[in-house]
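Take a look at the structure set out below.
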Amino acid sequence: VSLDFNLPNETNLRIAAAKFNTSDPVSKVQEFYRQQLGGEATSFTHTNRDGKVVFEMKYGEQNKVVSLTPHDGGTRIDLVRIFHGHAEPN
């Protein structure tokens, strides 16, 4: 899903989101994203209560979130990208 909003003062807001499921356990998917994101992740959260893992990347006018949640013996992967600013994102 991708939503575009043209706000006053020439400010743009774009939100893109996707959801995936895999049979791989959260620990395996978490390690994959750790390796792929490398130093890009500006924040990492592991919630023991429900097993949720969240990677956040913030730079300039963009925020990206990768959320991993145990689901049906595998992992649900939620990806969100938020752009807010004056220039059009790539």
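What's counted below: heavy atoms across the whole structure, side chains too, no hydrogens, waters or symmetry copies. Numbering of residues begins at 1 and proceeds along the displayed sequence.
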Note to self: Let me confirm one number: the CD-CD distance from Q35 to Q30, rounded to the nearest 0.5 Å.
What the structure shows: 11.0 Å

Note to self: Return the CG to CZ distance between N63 and R81, rounded to the nearest 0.5 Å.
What the structure shows: 10.5 Å

Checklist line | Which atom of V54 lies closest to which atom of E56, heavy atoms considered | finding: CG1-CG, 4.0 Å

Check: Got Y33 and I77 here, is their nearest side-chain heavy-atom distance under 4.5 Å?
Finding: yes

Check: Which heavy-atom pair separates D24 from V29 by the least distance, and what is that distance?
Finding: CB-CG2, 3.9 Å

Note to self: Can you tell me how far apart CZ (R34) and OG (S27) are? Round to the nearest 0.5 Å.
What the structure shows: 11.0 Å

Return a table of donor-acceptor pairs under 3.5 angstrom between the side chains of residues 65-73 and protein atoms on other chains or two or more places apart.
none

Item checked: Partner residues of Y59 under the side chain to side chain contact (heavy atoms under 4.5 Å, CB included) criterion, sequence neighbours left out -> E40, M57, Q62, K64

